[in-house]
2 protein chains.
Amino acid sequence: MATVSRVLNKHPSVSLKTRLKVESVIQRLQYEPNMLGRNLRISQSRMLLILVPSISNPFYSKIVQGIEDVARKHNYNILLCTTDTDIEREKIYFDLVKHKLADGVISMDPAVDWDDLIGEGRNYPVIQCCEYSENSQIPYVSIDNRMAAYKAVKHLITLGHRKIAMINSDPRFLYARLRKEGYLKALEEYGIPYREEWSIHTDLGFESGQRAMRAFLAQEDKPTAVFCVSDTLAIGALKGIKEEGLRVPQDIAVVGFDNIQFASMMNPTLTTVAQPMYEMGCEAARMLIHKLNHPDDPLRSVILDHELIIRESTMG
Amino acid sequence: MATVSRVLNKHPSVSLKTRLKVESVIQRLQYEPNMLGRNLRISQSRMLLILVPSISNPFYSKIVQGIEDVARKHNYNILLCTTDTDIEREKIYFDLVKHKLADGVISMDPAVDWDDLIGEGRNYPVIQCCEYSENSQIPYVSIDNRMAAYKAVKHLITLGHRKIAMINSDPRFLYARLRKEGYLKALEEYGIPYREEWSIHTDLGFESGQRAMRAFLAQEDKPTAVFCVSDTLAIGALKGIKEEGLRVPQDIAVVGFDNIQFASMMNPTLTTVAQPMYEMGCEAARMLIHKLNHPDDPLRSVILDHELIIRESTMG
DNA sequence: TTTTTGGATGTAATCCATTACATTCGTAAT
DNA sequence: ATTACGAATGTAATGGATTACATCCAAAAA
């Protein structure tokens, strides 16, 4: 009955009397509205699709937290999907939006070119978070990766290091390229030549950091400092260094990136570039929800602040 | 048109000719099926609701991974919601099931009594994972928490420790009570008296572990070993010990619980009870999906194996 | 040739809540 | 007392896919 719907939606034009009556009947019958009907009618799922490469990296968890908090406040639920950086999977998940099971997407996966995936003309609600494509038409929220890396490496240089290695991730990701640029810029500024053998590309797992570190330490001429593009890598590197019986920071200094919670729990505690993860998540969610409410408003991308957090792994 | 539906669902009784025709038209019109209509009609959302206290604890992330992998295989998506151990929120999320936005629930939140929440008679598809209520009618997957704690504490005792503290979580959670029982049983078995002042209840954050440790170390008579009910607490404890300039394990030994990835990355590496997190997630998902397909099959709860992993934090 | 049979296709009801529009009713204005 | 108006309620269309059932047609059987 129409009136039931009006009661449920708190429509003003229902008399107190009928409202009470309806409510009591709802009680008695244990009636629960079926949202599938509602969703079909209003053509909304009130779901936000969140695409992360992996849920195990605390970096993403924190961002998701931000997204979730904002989403909840606006009465959206989140559909969390891990892509493993697999483009095929990403495409399949994007179908959830095409098929109306999700109203919009926040993607943190570096692997996909969304401008491509969406295609011309279409105006799907998509926000990129952390990672994005250069010259993208799709709005994103991120930090100034180049500058952040530059500051991190400069910090090492001012501590006297001249032999600085870098553990990077896959260069097909923009953030990896940008951070490398920052690294190079700092080296260049201080007249330090770039050495190919002190630069490794890998995935973000601990073990990869550990492995990369071992590789550096196996070299004739060892670096005295390492800049890692993620805290997970840096934590692996710490482990690799300890295995060899070397000390941090006396023998080798280590800088991470992200400032995940664990960074401050390590021994030694980890110097790192803090990204405002929670805030980035919130902002991405806000942008997406704004886009859902105002599909034609053009959205401006957002660059949030970062901060170099100096801890024991660079300054004993 | 009915035939379109038949083509989409690969119904056998469509002639090749019409199928091709329909497919080409679908191509041309860029037609995308609207799942909201489908969902309404077949009265399924193909979503699984996953309730976790917090997504930041890597323990839960790993379980969620298992759930997701199985869910994907069966064509379900997961709706991840964090409850912050807030019963009200949990109830609201459970409405998603009542309202047909999710087909079933896997709950990892210790705070809720599901038997209560669901009420008599109703047969909602709910699985509890890790945490459950005693004498619950609702199937769960977990480990033998009492035995696991017993083994961990016994390990400390056989190393010669007699002053063993425990950092526990809220005793209204069953796992907290069971692990305490295991702890007490081990003490008793070796004739070690229980000391109230060496038992702290707190939440699972690092800082709480750190704080608890500080409290122990501020006491006149300090423990020589600490058993923590989670790795996050243990990691905080390590930090608290280091702050005081004491060494692990020489001055104090530490045992954690869960075996999150970080446990092996710590310095010293953490002795801990390994829970088969990924496997638990998979099993929970399998059970739930089975229940969805066979609502009336009674499901048996599952107890999976645990393992004590001995590392540096107890044996230098 | 006529009837039967079964496969392919079309028609229309269905799932459930929302909402434009129609109707009713009570009250205020004339 | 009668009209007019607005508030409250009811009726019916709508959204999109599924599916029971009806219909159609061609090939096989009589």
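Naming convention: chains lettered A, B, ... in sequence-line order (proteins, then strands); numbering from 1 in each chain.
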Residue pairs, two or more places apart or on separate chains, that pass salt bridge (charged side-chain N to carboxylate O under 4.0 Å, His left out) and touch residues 284-301 of chain B: B:Glu279-B:Arg286, B:Glu283-B:Arg286

Footprint string (nucleotides 15-24 of chain C, 5' to 3'): B base within contact, S backbone only, - free, heavy atoms under 4.0 Å: BBBBB-----

Separation of C:dT9 P from B:Leu16 CG (nearest whole Å): 10 Å

Whole-Å gap separating C1' (D:dT18) and NE2 (A:His99): 16 Å

Within residues 24-35 of chain B or reaching into it, pairs that qualify as side chain to side chain donor-acceptor pair (under 3.5 Å) - sequence neighbours excluded: A:His99-B:Glu32

Rounded distance (Å) that lies between atom P of C:dG10 and atom NE2 of B:His11: 14 Å

Terminal helix-axis angle for the helix from C:dT1-D:dA30 to C:dT30-D:dA1, with five pairs defining each axis and rounding to 10 degrees: 60°

B:Ser15 vs C:dT9: side-chain N/O to OP1/OP2 distance below 4.0 Å: yes

Nucleotide C:dT14, atom C1' - distance to CG of B:Asn39 in whole Å: 15 Å

Length of the NZ-C1' vector between A:Lys17 and D:dA7, whole Å: 13 Å

Qualifying salt bridge (charged side-chain N to carboxylate O under 4.0 Å, His left out) pairs, either residue in residues 36-45 of chain A, two or more places apart: none

Result block: side-chain N/O donor-acceptor pairs under 3.5 angstrom for residues 101-113 of chain B, not counting sequence neighbours:
unit_1, atom_1, unit_2, atom_2, d
B:Asp103, OD1, B:Ser45, N, 2.9
B:Asp103, OD1, B:Ser45, OG, 2.9
B:Asp103, OD2, B:Ser45, N, 3.4
B:Asp103, OD2, B:Arg46, N, 2.7
B:Ser107, OG, B:Glu90, OE2, 3.3
B:Ser107, OG, B:Asp109, N, 3.3
B:Ser107, OG, B:Trp114, NE1, 3.0
B:Asp109, OD1, B:Ala111, N, 2.7
B:Asp109, OD2, B:Thr83, OG1, 2.2
B:Asp109, OD2, B:Thr85, N, 3.3
B:Asp113, OD1, B:Asp115, N, 3.0
B:Asp113, OD1, B:Asp116, N, 3.0

Pairs meeting criterion salt bridge (charged side-chain N to carboxylate O under 4.0 Å, His left out) with involvement of residues 128-144 of chain A, two or more places apart: A:Glu134-A:Arg177

Contacts of A:Asp170 that satisfy salt bridge (Lys or Arg N to Asp or Glu O under 4.0 Å) - sequence neighbours left out: A:Arg172

Test applied, side chain to side chain contact (heavy atoms under 4.5 Å, CB included); reference residue, B:Leu36; option that passes from A:Ile42, A:Leu40, A:Leu36: A:Leu40

Residue pairs fulfilling salt bridge (charged side-chain N to carboxylate O under 4.0 Å, His left out) with at least one residue in residues 3-27 of chain B, sequence neighbours excluded: none

